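To start, the structure under review is shown below, and the notes come after it.
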Amino acid sequence: MSDPSSSAQESLLKTPLHALHLELGARMVPFAGYSMPVQYPAGLMAEHLHTRSSAGLFDVSHMGQLRLVGPDAAAALESLIPVDVIDLPAGKQRYGLLLNDDGGIIDDLMFFNRDVANGGDLFIIVNGACKVGDIAHIQQRIGSRCEVIPMPEMALMALQGPQAVTALARLAPGVDKLVFMNGGRFEVAGCDCFLTRSGYTGEDGFEISVHASQAETLARALLAQPEVKPIGLGARNSLRLEAGLCLYGNDIDTSTTPIEASLNWAIQKVRRTGGARAGGFPGADKVLAQLDNPGTLTRKRVGLKALERVPVRDHTPLHAPDGTLIGEVTSGLLGPTINQPVAMGYVPPGFAALGTKVNAMVRGKPVPMEVSSMPFVPNRYFRG
């Protein structure tokens, strides 16, 4: 009989950078159906701190890329997400949430207006574990109103950190003129790329879409820059948690609404009660009722800092000081930058005020935690 772990590895999908990860000594793990690098020989802590101080390169080719084309594309996408798509100017990117008919979150995503009104497209990036379902959902709901074109031939990488712009501008003059959530087409080291000034670390940086056939050339050119080192999924997780950013499947899912998840900021005024295009998205009645009457919420996502140096992991139960079970940690770890255990989780609104004390039960022992504002580490996006 063959070793079951090796046959499981064989059934995993590989990104176009798979051979490069192995060459760089990465430890590969299954993630979203792919074999992905969780860390390189430097290790999670060093990779995390390098991204905060210099520049890190992440392979995120497991994520789903697709385009919506046609004169009705913006209005069609707006029927699926509680977000202003129609008024997003060409050349800009926005965060969005695919909702089900009960207001639960099917996935979170980024979309970019590549001048869709004048024959361009809306370029969308969705999470890897959700991409098959997301594309089917989008196709089924709005496929009659616009063309839905998946882009499996494209790779995706993220260059993140305060020195990302220095490294990238050497290979692609002009990228330094972009500001946060803007983007465009650039030739980078001879590769045709579409890139945005955005990311998932709280740092300045770029997300770069490139054809799979050019991915390794681009990655090697970026890694040849003195500021840049390869960074695995382990540090990607610790960086995004310090930045207070949700991970789909941990902090948000179909059982959470945008309002419970404290993502009110992602719903623009025009889609809210009284707005010019209020509602008109799945679950709108429930989501807008929660937005208008916060007192009806039963739970809310909050940031938490441990008051002792005990890491508090995902799924740790949260108790009130009197011992009552009140919620659960959805993401938690020792934040390498602030050198303190940080977490996010859901608690009843009565426990959501900043400074509220709760206890995380770690191996039967209460670890005191305090509700804290997020991000835990200040964001350093470049806004011009």
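Predicted, not measured: the structure shown is a model, and the values here were computed from it.
In the hydrophobic cluster analysis, where Ile, Leu, Val, Met, Phe, Trp and Tyr join through side-chain heavy atoms closer than 4.5 angstrom, Leu222 is grouped together with Val175. No continuous path of ILVMFWY side-chain contacts below 4.5 Å connects Ile106 to Leu288, so the two sit in separate hydrophobic clusters. Leu44 and Leu233 fall into different hydrophobic clusters, where Ile, Leu, Val, Met, Phe, Trp and Tyr residues are linked whenever their side-chain heavy atoms come under 4.5 Å apart, directly or through other members. In terms of hydrophobic clustering, with Ile, Leu, Val, Met, Phe, Trp and Tyr side chains grouped at heavy-atom distances under 4.5 Å, Val116 and Ile138 are assigned to a common cluster. Put simply, Met181 and Trp265 are part of the same group of oily side chains (I, L, V, M, F, W, Y) that touch within less than 4.5 Å, one to the next.
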*Please lay out, stage by stage, how Val210 and Asp192 fare under the test side chain to side chain contact (heavy atoms under 4.5 Å, CB included).*
CA-CA 6 Å; Val210 63; Asp192 297 319; over 6 Å; no
_Using the rule given for side chain to side chain contact (heavy atoms under 4.5 Å, CB included), can you reason through Leu241 versus Met344, listing the C-alpha separation, both sets of side-chain angles and the distance that settles it, and then say yes or no?_
CA-CA 8 Å; Leu241 179 51; Met344 53 176 90; 3.6 Å; yes
*Should Ser209 and Gln65 be marked as a side chain to side chain donor-acceptor pair (under 3.5 Å) after you check the CA-CA gap, both sets of side-chain angles, and the distance that decides it?*
CA-CA 9 Å; Ser209 176; Gln65 302 180 65; 2.6 Å; yes
_Worked verdict on Phe180 versus Tyr381 for ring-ring contact (aromatic ring centres under 6.0 Å, His included)_ = CA-CA 6 Å; Phe180 182 57; Tyr381 305 128; 4.1 Å; yes
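For an aromatic pair to be called close, the ring centres must be under 6.0 Å apart, and Phe123 with Phe111 fails this.
Atom CD of Gln39 sits about 6.0 Å away from atom CD of Glu47, to the nearest 0.5 Å. The structure places OG1 of Thr316 at 7.5 Å from CG of Asp314, a figure rounded to the nearest 0.5 Å. The distance from the CG atom of Leu66 to the CD atom of Gln139 is 9.5 Å, given to the nearest 0.5 Å. We find the CG-CG distance between Asn127 and Asp108 to be 5.0 Å, quoted to the nearest 0.5 Å.
Remark: Asp251 engages Arg240 in a salt bridge, criterion side-chain N to carboxylate O under 4.0 Å. Taking 4.0 Å as the cut-off between side-chain N and carboxylate O, Glu23 and Arg220 count as a salt-bridged pair. We find that Lys92 and Asp115 are not joined by a salt bridge, their nearest charged nitrogen and carboxylate oxygen being 4.0 Å or further apart. By the 4.0 Å N-to-carboxylate-O rule, Asp204 lies too far from Arg380 to be salt-bridged with it.
A tilted orientation is assigned to the rings of His21 and Tyr40, their planes being inclined by 30° to 60°.
Of the N and O atoms on the side chains of Ser198 and Glu207, at least one donor lies less than 3.5 Å from an acceptor on the other residue. Counted by atom type alone, Tyr248 and Asp253 present zero donor-acceptor pairs between their side chains at under 3.5 Å. Side chains of His18 and Tyr34: no donor on one and acceptor on the other come within 3.5 Å. Checked by atom type, the side-chain pair Gln290/Thr257 shows a donor-acceptor distance below 3.5 Å. Checked by atom type, the side-chain pair Asp292/Thr273 shows a donor-acceptor distance below 3.5 Å. Judged purely by distance below 3.5 Å, without hydrogens or angles, the side chains of Arg170 and Gln225 pair a donor atom with an acceptor atom. At a cut-off of 3.5 Å, with distance as the only test, a side-chain donor of His48 or Thr337 sits close to an acceptor on the other residue.
Annotation for Asn293: atom CG counts as buried by contact number, over 12 foreign heavy atoms lying within 6.0 Å. The neighbour count for Lys229 NZ, taken as heavy atoms of other residues, nucleotides or ligands under 6.0 Å away, does not exceed 12.
Between Ala219 and Leu17, the shortest heavy-atom contact is CB-CD2, 3.8 Å. The minimum heavy-atom distance linking Pro82 with Leu97 is given by the pair CD-O, 3.2 Å. What you find for Leu88 and Asn113 is that their closest heavy atoms are O-ND2, 2.9 Å. Contact between Gln214 and Gly190 at its shortest, heavy atoms only, is NE2-O, 3.5 Å. Looking at every heavy atom in both residues, Asp59 comes nearest to His62 through O-ND1, 4.4 Å. The two atoms that bring Asp107 and Cys130 nearest to each other are OD2-CB, 3.3 Å, heavy atoms only.
Arg271 contributes a side-chain N or O that, together with a main-chain N or O of Glu78, makes up a donor-acceptor pair within less than 3.5 Å. Between the side chain of Arg309 and the backbone N or O of Leu334 there is no donor-acceptor pair closer than 3.5 Å. Checking side-chain atoms of Thr356 against main-chain N and O of Ala353 turns up a donor-acceptor pair under 3.5 Å.
Proximity of Met361 to Pro366: side-chain heavy atoms (C-beta onward) are separated by under 4.5 Å at one or more points. At a threshold of 4.5 Å between non-hydrogen side-chain atoms, the residues Leu307 and Val367 do not count as touching.
Checking Arg236, Arg52, Lys305 one by one against Glu242, the salt bridge (Lys or Arg N to Asp or Glu O under 4.0 Å) holds for a single residue, Arg52. Among Ile125, Val126, Leu80, Val83, the one residue that satisfies the side chain to side chain contact (heavy atoms under 4.5 Å, CB included) test with Leu109 is Val126.
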